[in-house]
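Read through the structure below, which is laid out as structure tokens, and then see the notes.
Note that the structure is a prediction, hence the values are computed from the model and not measured. Lettering follows sequence order; numbering is per chain, from 1.
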Amino acid sequence: MPFNSYPYFIFLAVAVLGYRLLESRAPAGRRVFLLLASYAFYAWWRADFLALLIGSTVINYMLGREIELRRTRHADRRLFLIGGLIFNLGLIAIFKYQALFVTTANTAFNIGLPVAEFFLPLAISFFTFEQISYLVDADSGKTRNYSLLDYSLFVAYFPHLIAGPIVRHNDLIPQFHAMRSAPGRDLAAGITLFTIGLAKKTLIADNLAPFADAIFNAAGRGAPLGLTDSWLGTLFFTFQIYFDFSAYSDMALGSAVMLGIRLPVNFLSPYKAASIIEFWRRWHISLSAFLRDYLYIPLGGNRGGAARRYLNLFITMLLGGLWHGANWTFMLWGGLHGLYLAINHAFRHVTKGMTVPPALRLPLHALSVLLTFAAISFAWIVFRAETLTSAGNVAAGLIGLGDSGVVSFSPLAAVALILLFGIVWFMPNSMEIMWRHGNPALPSPYENEPVKPARRLVWAPTRLQAFAYGILCIVAVLALSNLKPFIYFQF
Amino acid sequence: MEKNHYAFWFLGTVALGVAALIGFNWAAGAYILHHPSGASVQTLSGFERALKPVWITQIKPQLVFVGSSRVRDGFDPVLLDPALKLRSFNYGASSMTPYEARRFAQDTLAQPSVQQMVVSLDAFTGNGGPGEALPSFDETRLAVTPEGTPTPRRGLWLFTTRFLSGGALGMNALSAYALARLKQGESAADRPDIFNAYSHMSEAVMQRDLNYRRARTLTMGPGPARELTTLLASACHAKARLTLFFPPDHMAIQTRYRHGDAAGLDAFKQTVRGAVERHNARCPSPVALFDFLNENVLTTEGLRDGSSPNYVDLVHFRPPAGLWLLEQMRLTAKKVN
């Protein structure tokens, strides 16, 4: 059930109402209610895959409990941890990557292995990663004898189930037990954040999509893209995915806040980043943290010298790219970011100790933001294109090697781009807007680096703002389309 | 202010807004459907992609026209229905992509009331790829999925489109305003200032069009060809009869097509003829094909007293010309039953 759909609005209203009614009368029942609601949410898409979600949950729970028990008894638990990892990665490999690997092997070695056609279960990448983190944490002694109900709810909790944030068990499960005393405050903050997200999706991202799609489809058909098409296609998609994922994150957090749960901040003005390192601290923050904790550090992290560190970064980003989808374009996208990160770290190492004259700080910062944006936008070409040839076609168009005319650079396009740059570079983001309202509704993504509250456009629960956000909600609903799921839903 | 008061004011604003929206769309929809010239709004350009899938289910037409703005401008049910003695519906939309044309045609074939569908083939030209659509096209409103199975939860999507979509609000507002501007006894044909489909091409418009369409070609890429094949497959066992036609673009612009890519234009026609021949050889529901994209009495007409009797511009023919086309296709003589 997409967040940007009427059935979800009705579902969310019923879920919030039921949860709040049970909160005061049957605190234990509300977790059962939320779990059933989350399963209904998943089953709306395809009921048969609910069995996969439940089966995967139960098996991981049993493995995790066994690992916990063995840890307390100081018994060998490696078999269960390795078995769990194989089970989870095997599940993703079968459903998501089998066709890619077999097809590639068939092409590379000229063999005829059969390719099984599986329907990709929704959210499999997300719920599998979360369960891997649970197993690894159980092995490290970080889990706390959760009940099956709590664990199942942690995995299936609908605001984060489909496309994140990737939540840790110890962030979420304790909140299921904490009684929130301010449902009015939560509802106010939640509906506002949800509205901001809905507006970003329907008013901005969905209106950029047809143009980006038309240009990238033309590239996919082999049309040699002209300068205008390539630049506009790249920029339109760069902004489309920004507002699409930002919208999803706001709506996920907003839905959770209405239910008294705080999900971690997952998106924090990534295009304001002045370096690729900073970009990954602002874009899909929960995935970055997961890759750091469960891949980069186990690979050796920054231990073992600079060259090893860069290699670890590269491998982490390569696999992070492949996590997004079964296509070599995603892997190349991850590889590009791995390369960017390695260069960024090397540059920092070389320039360590240098000081910038105060007069040059602002221009240098602006130049860094621009350069980072350009590098990210270039990488999005590979991410969006369906084949490497198609990506090459768009990239070649950037330097004017083609002559297509899918779109023209109209004054409207110029105004749209100026507005989009203005929003992503100069406007406060939704986290900053919502940050202070009596009781912070959202946790900071960083322990030592809290989100700074906005100086303008700050949300306050006044009658005027209620009216203004109500109008924004209606306008966003008017632009709603049932056709345009979130980009991250496919991962 | 207490935060639960905030929620109250927010939800109150949304509820009032939604109620007003539903009320307006309901009232405007009823006004349009019951106005004597109501069906003429199908020739208006606006958010037609959003609302026409709803209108077709309400009107329950026997004859439907599918295509780009050529079709949208050229077939006015208010003019056609008395002549044909049936209910027709104009399913044309601006810059219709080949994918949209196929999907609207599939939707038409799935309507129980439809006995005849007329499709303009210019919608199947260009290089459009699979699935390409323009803003406000949302196929969850259509009766069938791209694979031809019934669209899940379509009743809900039609309801939300009809009452809660921006497309419906825009199209209803535009249509109701256009109808309200008609004086007692006036029809769309009397007010080309409101209903552009009835305006006449002038010398200035002709020159502007010749400049604008300077490098225009009319060819069919592999994507549009696939969409046409899919449409023909959908029509193979359909109850409704399918008529295809090459649109009567004015000779001045046909010359441009030939100058731009004569071989491409010929290949387009040949591809369609081949597809239709193959279809008719194997399908129980045959397809009729008419070619007006040639030198004929319509396409060679000149301006009379500085204006064209049958064209709005070089590619958009006026509704009287649409009626003439139907006569040539024998759809008026052989009444649809």
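Proximity to chain A (any heavy atom under 4.5 Å) is shown, for B/L16, by neither the backbone nor the side chain. Only the side chain of A/I474 comes within contact range of chain B, with heavy atoms under 4.5 Å apart. Interface residue B/L169: only side-chain heavy atoms are found under 4.5 Å from chain A. Neither the backbone nor the side chain of A/T202 has a heavy atom closer than 4.5 Å to any heavy atom of chain B.
Cation-pi geometry between B/R153 and A/W44 is met: the NZ or CZ atom falls under 6.0 Å from the ring centre, inside 45° of the normal.
Note: A/F49 and A/Y42 fail the aromatic proximity criterion, with ring centroids not under 6.0 Å apart.
Considering every non-hydrogen atom in both B/A93 and B/R49, the closest pair reads CB-NH1, 3.8 Å. Between B/P146 and B/Y99, the closest heavy-atom pair is CG-OH, 3.3 Å.
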